[in-house]
Amino acid sequence: MAQTQQDVLKASKEQCIFCKIISGDIPAAKIYEDDRVFAFLDINPVNAGHTLVVPKDHYIVLPQLPDDLAMHLIKVVKYLSGAIFEMTGAHGINIIQNNGAAAGQEVPHVHFHIIPRIQDDKSIGPWNRSKIDPEKLKQIAEEMGKNLKPISSSTVKLSSNTAVSKKTSKPKRKGKLVKVKRRTSTNSP
Ligand code: 5GP
Ligand code: ZN
């Protein structure tokens with residue numbers, strides 16, 4: 001029988017380390033909690049104060065969140081990033097949110113990383129950026145625009161390639177994004 005999105009969510013919740021942290025079954029250094037959101041320090045911080053902000057309900061990737069929960073989660077991320085700026089004296093902050101193994105997601109429970117940065121700390125590597133013909137850029141934007149539905153009717157259907165915690169598994173089909181020429185020089189995000 002075909003697995004529904006609900007089946008996928010249920011199975012991944014049973015194994016989920018962040019759900020166990022939220023329920024108190026696994027200890028964590030909590031810094032914030034309300035009725036819908038929980039925030040705690042990353043066990044392997046990029047820098048001191050590296051915080052993870054998660055919804056208490058189990059969802060795997062950001063597009064699955066109900067809008068009101070997504071809005072509240074972002075509100076907490078905004079609040080905590082300001083507080084962490086002040087508390088740590090950071091010069092900058094990265095907000096990182098990985099969706100799917102291909103994007104580096106290891107824990108299949110939606111989370112935002114708030115990472116305090118000090119000038120030139122080099123703790124997060126430069127992005128591998130690319131050059132692209134402006135005409136091609138226009139063509140991609142038109143194609144993407146055509147496929148966007150009105151925001152109020154937004155729903156998400158996950159591809160099986162969005163699996164997480166399967167770093168070694170190969171996607172079943174190639175991604176649709178066009179190929180771009182890699183730039184040779186390094187660039188900061
Ligand atoms: P991802 O790669 O999925 O975006 O990030 C997952 C993050 O969760 C990693 O930075 C990792 O260090 C953190 N993490 C994994 N397991 C635990 C844990 O048991 N406790 C805490 N506090 N953080 C964890
Ligand atoms: Zn979970």
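Keep in mind it's a predicted model, so treat the numbers as computed, not measured. All residue numbers refer to positions in the sequence shown, counting from 1. Atoms within a ligand are numbered from 1 in the order they appear, just like the ligands themselves.
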Pull out every atom of ligand 1 sitting under 4.0 Å from any heavy atom of His113, numbered as shown with elements.
-> 1 (P), 4 (O), 5 (O), 7 (C), 10 (O)

Interatomic distance, NE2@His72 vs CG@Asp35, rounded to 0.5 Å, equals 6.0 Å

Report the distance from atom SG of Cys19 to atom CD1 of Ile26, rounding to the nearest 0.5 Å.
-> 10.5 Å

From NE2 (His58) to NZ (Lys10), nearest 0.5 Å | 12.0 Å

In the protein, what heavy atom is nearest to atom 20 (N) of ligand 1, and what distance, to one decimal place, separates them?
-> Ile21 CD1, 3.6 Å

Determine the interplanar angle of the Phe38 and Phe40 rings, folded into 0 to 90°, and report it as parallel if under 30°, tilted if 30 to 60°, perpendicular if over 60°.
-> tilted

Do Ile96 and Ile124 have side-chain heavy atoms sitting under 4.5 Å apart?
-> yes

Ranked by distance from atom 11 (C) of ligand 1, the top protein heavy atom is Asp42 OD1, 3.4 Å

State if Leu41 counts as touching ligand 1 under the rule of any non-hydrogen atom under 4.0 Å.
-> yes

Find all atoms of ligand 1 within a distance of less than 4.0 Å from any non-hydrogen atom belonging to Gln105, and give their numbers and elements.
-> 3 (O)

Please calculate the SG(Cys19)-the Zn ion (ligand 2)-SG(Cys16) angle and round it to 10 degrees.
-> 120°

Which ligand 1 atoms, with their elements, are less than 4.0 angstrom from a heavy-atom of Phe40?
-> 21 (C), 22 (N)

Judged by atom type as modelled, is there a donor-acceptor pair below 3.5 Å linking the side chain of Asp133 to the main-chain atoms of Glu135?
-> yes

For ligand 1, is Gln97 a contact, meaning one of its heavy atoms is under 4.0 Å away?
-> no

To the nearest 0.5 Å, tell me how far Ile31 CD1 sits from Met87 CE.
-> 5.5 Å

Side-chain donor or acceptor of Glu86 paired with backbone N/O of Ala83 under 3.5 Å | no

min-distance N/O/S atom, His109 vs the Zn ion (ligand 2), resolves to ND1

Ligand-side contact atoms (ligand 1) for residue partner Asn44, heavy atom cut-off under 4.0 Å | 12 (O)

Can any side-chain N or O of His109 pair as donor or acceptor with the backbone N or O of Pro55 at less than 3.5 Å?
-> yes

Can you tell me if Ala28 has a non-hydrogen atom under 4.0 Å from ligand 1?
-> no

Could you tell me the residue and atom name of the protein heavy atom closest to atom 15 (C) of ligand 1, and the distance to it rounded to 0.1 Å?
-> Val107 CG2, 4.0 Å

Minimum-distance N/O/S atom that His58 presents toward the Zn ion (ligand 2) = ND1

What protein heavy atom sits nearest atom 23 (N) of ligand 1, and how far away is it?
-> Ile43 N, 3.3 Å

Cluster link Tyr79 to Ile114, ILVMFWY, side chain under 4.5 Å = yes

In the protein, which heavy atom is nearest to atom 8 (O) of ligand 1, and how far is it?
-> Phe18 CZ, 3.4 Å

Ile96 touching ligand 1 at heavy-atom level, < 4.0 angstrom = no

Lys20, NZ: over 12 other non-hydrogen atoms inside 6.0 angstrom = yes

protein heavy-atom neighbour closest to atom 2 (O) of ligand 1 works out as Gly104 O, 2.9 Å

What is the distance from atom CG of Asp68 to atom CZ of Arg36, rounded to the nearest 0.5 Å?
-> 6.0 Å

Taking only heavy atoms of Glu106, which atoms of ligand 1 are found under 4.0 Å from at least one of them?
-> 1 (P), 2 (O), 3 (O)

Could you list the atoms of ligand 1 found under 4.0 angstrom from a heavy atom of Ile17?
-> 19 (O)

Residue, atom and distance of the protein heavy atom nearest atom 1 (P) of ligand 1 read His111 NE2, 3.1 Å

